[in-house]
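Below is one structure; the comments refer to it alone.
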Amino acid sequence: MLVRPWDRDKDYDTLVKWWTDWEFGTVPKECLPPSGIVVSEDGKDICAGGLYIGEGTQFGFMEWIVTDKSAEPKTVHKCLKLCIDSIMTLAKDRGIKLVYTATKEQAL
């Protein structure tokens, strides 16, 4: 598995496809956080998520976690765990002391 920072410009079409497949709705590119992670396996992107960082605070919000709906469930599970762990590492590296997230989506 490969973990890399997301690129809002280059990864946006993939994110939109995944959100559409899961019927999440679409987030405008300008509203995505600059910091995010994409996890891939065998050259195929599997999942992604972002981290908003409160300016002047030690607070972060993990958001827009999404997976490729067509990927193998076991692969998704492993990649999703790595994605979330990587976002938490990203937060720690930036001095964040509290990361919050919330979801009501069954897919997550």
Next on the checklist: Going by side chain to side chain contact (heavy atoms under 4.5 Å, CB included), name the residues that satisfy it together with P73, two or more places apart in sequence or in a different chain.
Outcome noted: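 Testing P73 for side chain to side chain contact (heavy atoms under 4.5 Å, CB included), a comparison that skips the adjacent residues, returns none.
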Next on the checklist: Holding to side chain to side chain contact (heavy atoms under 4.5 Å, CB included), I want the full list of residues that pass it with T26, two or more places apart in sequence or in another chain.
Outcome noted: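 By the side chain to side chain contact (heavy atoms under 4.5 Å, CB included) rule, T26 matches Y12, V16, W19, T20.
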Item to check | Pairs flagged by side chain to side chain donor-acceptor pair (under 3.5 Å) wherever residues 45-57 is involved - sequence neighbours left out | outcome: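 Checked against side chain to side chain donor-acceptor pair (under 3.5 Å) - neighbours excluded - the pairs reaching residues 45-57 are R4-D45, Y52-W64.
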Residue list, side-chain hydrogen bond (donor to acceptor under 3.5 Å, both in side chains) with [X], at least two apart or on another chain:
X	result
D68	K44, S70
K17	D21
R94	none

Output side-chain donor-acceptor pairs under 3.5 Å for residues 74-85, partner residues at least two apart or in another chain, one line each.
residue	atom	partner	partner atom	Å
K81	NZ	D85	OD2	2.8

Next on the checklist: Quick check against the 3.5 Å criterion: does W18 have a side-chain atom that pairs as donor or acceptor with the backbone of C47?
Outcome noted: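 Between the backbone of C47 and the side chain of W18 there is no qualifying donor-acceptor contact (under 3.5 Å).
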Checklist entry - Measuring from T101:OG1 to F61:CZ, what's the distance to the nearest 0.5 Å? => result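 The CZ atom of F61 is 5.0 Å from OG1 of T101, to the nearest 0.5 Å.
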Item to check | Spacing of L98 atom CG and Q58 atom CD [to the nearest 0.5 Å] | outcome: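 The CD atom of Q58 is 10.0 Å from CG of L98, to the nearest 0.5 Å.
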Checklist entry - Are W6 and L2 joined in one hydrophobic group, where the rule is that I, L, V, M, F, W and Y side chains link up if heavy atoms are under 4.5 Å apart? => result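 No, no single cluster joins them.
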If you compare all heavy atoms of [X] against all heavy atoms of [Y], which two are closest, and at what distance to 0.1 Å?
X	Y	value
S86	V3	OG-CG1, 3.6 Å
I65	G50	CD1-N, 4.5 Å
V99	A91	CG2-CB, 3.6 Å

Next on the checklist: Other residues, nucleotides and ligands only: do more than 12 of their heavy atoms fall within 6.0 Å of NZ on K69?
Outcome noted: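 Counting other residues, nucleotides and ligands, NZ of K69 exceeds 12 neighbours.
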Below 3.5 Å, can you tabulate the donor-acceptor pairs from side chains in residues 32-43 to any protein atom, sequence neighbours excluded?
none

Next on the checklist: Run the salt bridge (charged side-chain N to carboxylate O under 4.0 Å, His left out) test against K29 and tell me which residues pass, sequence neighbours left out.
Outcome noted: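 With neighbours one apart ignored, the set is D9.
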